[in-house]
Amino acid sequence: MTETFLSKSYEFAATEEKWLARWRAEHCFAAHMDAGKPAFSIVIPPPNVTGVLHIGHALNNTLQDVLTRYHRMKGDNTLWLPGTDHAGIATQNVVEKQLLAEGKRRNDLGRDAFIERVWQWRREKGGVIIEQLKKIGASCDWERERFTMDEGLSKAVRQVFVTLYKEGLIYKGDYIVNRCPSCQTALSDDEVEYEEGDGSLYHIRYPLADGSGALVVATTRPETMLGDTAVAVHPDDARYQDFIGKEVVLPLTGRTIRVIADKAVELGFGTGALKVTPSHDRNDYEMGKRHNLAFIKIMDGRGLMNENAGVYQGLERFACRERIVADLRDAGFLVSIEDYRHSVGVCYRCHTVIEPETSVQWFVAMKTLAEEAMAAVEDGRVRLHPKSWRQNFFGWMNNIRDWCISRQIWWGHRIPSWDCQDCGERIVEMTDPSRCPQCGSTNIVQEKDVLDTWFSSALWPFSTMGWPEKTSELAMFYPTSVLVTSFDILFFWVARMMMMGLHFMGEPPFKDVYLHALVRDKDGRKMSKSLGNGIDPLDVVAQHGADAMRFTLTALAAQGREIRLDLERIEGYRHFINKIWNAARFAHMHLADCHENIREIADNTEQLSLAQRWILSRAEACAETVRRAYDDFLFNEAAQASYQFIWTEFCDWYLEWIKPDLFSADIGVKDEARGVLLAVLETLLRLTHPIIPFVTEEIWSVLPGARSSLMLSPFPEPRPDWRDLRAEEEMAVVMEVISGLRTIRSEYEIHPSVKLTAVVFCPGQEKQAVLSANGERIAALTRFERLSITASGAKPENAAGFVGADLEIFVPLQGFVDVAAELAKNQKELAKVEEKLAQTRKKLGNENFLKKAQPAAVAKEQGKLAELQGRLALLTEAGNRLKKMAGAA
RNA sequence: GGGCGAAUAGCUCAGCUGGGAGAGCGUCGGCCUUACAAGCCGAAUGUCACAGGUUCGAUCCCUGUUUCGCCCACCA
């Protein structure tokens with residue numbers, strides 16, 4: 001036995017640092033493009049360049065890394081392509097905040113200087129999240145890192161924009177959009193979130209112009225009345241038939257507006273009369289179009305009342321609301337105010353209440369693009385996991401509205417469109433124009449707006465690989481294999497990538513989409529700064545190690561909608577990592593002086609002893625499960641199977657079993673154990689490396705023989721020669737006896753040092769042979785002095801008993817035996833067996849079962865019947881004996 | 001209003017295409033057995049939400065109900 005130089009507990013911090021440096025130095029993550037090998041590729045969902053790693057990123061990237069490392073080990077040409085997103089609004093906000101601290105606004109700098117300032121910020125601070133990803137072991141090909149504002153990606157953006165424009169799929173138009181007065185930009189529908197809140201519903205009287213009466217309308221936004229151009233009622237509303245077509249006087253303004261009839265008005269709601277503000281409400285906008293109403297905008301982009309608001313001009317919208325309400329009250333138009341709970345749309349970035357308003361924006365027509373994407377999901381070219389998302393996907397795609405892609409900010413891809421100021425010609429080309437091609441004027445002006453950030457993200461799977469050039473990367477890695485992302489951006493991002501990929505590459509950008517859950521805290525709440533319940537992945541890494549965190553996230557990644565993460569769970573899995581470490585440390589003590597070829601002993605399974613054949617069989621069973629789990633994105637199954645195999649079977653049973661062999665003077669015995677030990681240990685390291693790369697790599701590096709990196713070593717191939725069901729059955733008998741003996745010792749609280757003997761009655765010849773062959777090891781593992789195994793004989797009196805399947809154990813305990821307790825145990829067991837037996841008999845007595853059930857199921861029941869009957873006989877007999885003893889005492 | 005999902009041991013959750021209910025943590029008892037006390041051995045614990053149905057057989061499939069969560073739409 002060699003002196004160990006591995007520390008007693010796993011030191012993850014030093015180990016992680018060491019391997020990160022080495023993997024990097026040896027370019028282990030670099031993608032290969034070898035001819036003839038299958039390709040596996042993933043593009044990272046690019047985190048915002050302003051982002052800081054949160055637990056959701058940790059989950060997302062751990063899962064991608066598991067798949068990447070698995071396929072890399074399988075020998076595929078494997079690419080995991082990393083990068084970040086320029087995150088237009090978010091990044092601009094960050095830099096504006098910086099400026100504000102200096103007392104400046106972006107207009108003080110001007111557009112070019114401001115953009116330069118953002119780039120500067122990006123150079124200095126924009127790499128944080130990438131560095132954090134590296135720390136958790138993400139094996140991206142970092143040399144290929146991309147940024148959505150890169151030169152290459154920008155070129156792709158322009159190509160796509162120009163093409164779609166020329167195809168008529170991008171257009172500019174005056175529509176109602178969501179506007180954030182704080183970010184001062186339009187937002188797409190998806191960028192609006194709804195928050196429930198307490199508000200008021202104001203009832204306002206609008207008198208008829210002819211003085212014959214009045215209508216009362218209800219609104220939550222009274223200030224918008226300044227832009228009213230109609231009052232609408234339902235055409236069938238009996239109350240208002242006389243009003244339709246008449247005019248009312250708009251309070252405070254004196255303007256007269258029409259009363260129109262429209263089915264969009266809900267009969268039952270409020271007063272049944274609806275004020276119509278076409279410029280500031282989506283439904284009213286539609287109604288305005290239908291009835292040819294006037295469109296009066298009353299606010300500017302900052303939420304201030306404009307010149308159309310008359311005396312209210314210049315007021316901030318909510319201040320204006322108060323003034324309007326006061327003035328309405330004073331003038332006698334305010335009928336009532338009631339408390340009203342409703343949800344309001346807010347900006348997903350800054351949570352400012354958004355303002356719907358008409359403005360001129362750029363749009364992508366979605367209908368045809370959406371149809372292509374739906375077809376791809378329909379016919380299985382793109383598979384969603386879990387499948388349940390299909391319905392949501394189709395529902396959304398069927399109701400899709402055109403996508404507003406212009407944003408009134410500076411940071412982003414500026415829309416490549418120029419308008420000739422002289423002739424009005426619009427110029428959208430691949431190169432910047434210097435003059436108008438129509439009239440030759442040089443008085444041309446570029447569009448001020450930039451594109452929605454998701455526009456460039458939508459191109460990510462091919463823009464990052466060099467499109468529009470025809471690159472070898474595209475040929476090898478497009479379409480990518482799988483997209484791993486959170487379901488909350490299925491529509492923001494995944495659907496749009498599909499549309500763009502299909503439209504420009506002719507193929508969907510990925511074959512599988514794995515949508516994982518959102519990580520919540522242990523009580524199911526969203527993690528947020530305000531709740532203070534966030535779990536910082538880097539804290540976790542510092543505290544428990546990257547492997548423990550990765551294993552936890554993998555184990556929790558069952559396909560549901562949410563994952564509740566409890567720090568205790570991570571701690572539990574840290575123990576598991578440490579368990580592996582110590583098992584390896586133990587193995588290393590015995591293997592350090594071996595030649596690595598000793599593992600070849602495991603290639604001749606028929607020569608091996610029972611426990612060796614058993615562990616090889618179990619290892620192969622585990623490998624089968626893990627391989628399938630990785631292939632089918634069943635991450636939790638891979639983790640679960642590994643955990644069970646390693647801790648229970650490998651450590652608790654196998655390592656304990658082979659201890660005497662490892663200390664044996666017989667070199668043949670010793671080497672058999674060492675050879676199989678090495679083979680199994682190597683197998684389990686390979687199996688789990690994708691999940692827990694650091695600890696496995698470290699252990700691998702100290703095993704016998706010259707070794708290259710584990711992450712570049714092959715993943716275990718199927719070993720049908722290791723699978724041995726007979727060995728598993730035989731071992732089960734041995735394990736049952738061991739457990740039985742341990743239970744007896746434990747129940748009587750007999751100290752391990754007290755020597756005991758046992759008699760095992762086992763009528764079955766084969767079982768008996770197996771037990772006899774392994775009697776010595778059974779005794780050693782249970783600290784029994786002697787075990788006699790026999791087919792039959794006189795049952796000992798004054799003994800604690802254990803009844804198994806077709807076997808019975810007696811441990812003589814003169815003077816110690818608690819007959820009453822033994823009897824109680826016996827009766828309880830008896831009742832259980834009788835109940836099961838009754839069930840089985842009922843089944844087998846059922847003609848239909850015999851007739852209709854699968855033959856295998858019937859055979860199984862029959863086997864069960866025999867076993868239970870045997871057990872029942874033994875238990876009954878033992879019970880009678882105990883009763884007699886109890887009576888005698 | 002439309003859709004999706006969840007309900008299993010005290011807690012957090014597995015349970016893949018129907019055929020004797022599992023894990024981790026926690027609890028209780030014993031053990032420093034020379035890899036690991038972050039450990040080992042053993043024990044206890046479940047009308048698998050409720051009601052029907054299909055089936056020889058349902059935690060699993062179908063219908064309905066209840067509770068909870070999420071998404072979409074609406075929100076004058």
Novice: Distances under 3.5 Å between protein N/O atoms and the N/O atoms of nucleotides 8-10 of chain B, please, pair by pair.
Specialist:
none

Novice: What pattern of brackets, bars and dots sums up RNA chain B from 5' to 3', given Watson-Crick or G-U wobble pairs under 3.5 Å, [ ] for crossing pairs and | for another strand?
Specialist: (((((((..((((.....[..)))).(((((.......))))).....(((((..]....))))))))))))....
Novice: Separation of A/Trp581 atom CH2 from B/rG39 atom C1', in whole Å?
Specialist: 17 Å
Novice: Run the salt-bridge test on A/Arg674 and A/Asp593 with the 4.0 Å N-O cut-off and return the result as yes or no.
Specialist: yes
Novice: Quick one: the side chain of A/Arg628 and the base of B/rC16, do they pair up donor-acceptor inside 3.5 Å?
Specialist: yes
Novice: Among B/rC16, B/rG19, B/rC40, find the nucleotide with the atom closest to the side chain of A/Asp652.
Specialist: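 Nearest listed nucleotide: B/rC40.
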Novice: Provide a list of protein-nucleic acid N or O atom pairs under 3.5 angstrom, restricted to nucleotides 20-24 of chain B.
Specialist:
unit_1: B/rA23; atom_1: O2'; unit_2: A/Gln644; atom_2: NE2; d: 3.4

Novice: For A/Thr220, report the nucleic acid contact type (base, sugar-phosphate, nothing); a contact means any heavy atom under 4.0 Å.
Specialist: sugar-phosphate
Novice: Check this for me: does the side-chain of A/Lys579 come within 3.5 Å of the base of B/rC36 through a donor and an acceptor?
Specialist: yes
Novice: Enumerate all atom pairs, one protein N or O and one N or O from nucleotides 30-32 of chain B, separated by less than 3.5 Å.
Specialist:
unit_1: B/rC32; atom_1: OP1; unit_2: A/His751; atom_2: NE2; d: 3.2

Novice: Among all residues two or more places apart in sequence or in another chain, which pass the side-chain hydrogen bond (donor to acceptor under 3.5 Å, both in side chains) test with A/Asp631?
Specialist: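 If we apply the side-chain hydrogen bond (donor to acceptor under 3.5 Å, both in side chains) test to A/Asp631, skipping adjacent residues, the hits are A/Tyr70.
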Novice: For A/Ser9, which residues count as a side-chain contact (heavy atoms from CB on, under 4.5 Å) partner, sequence neighbours excluded?
Specialist: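 With neighbours one apart ignored, the set is A/Asn578.
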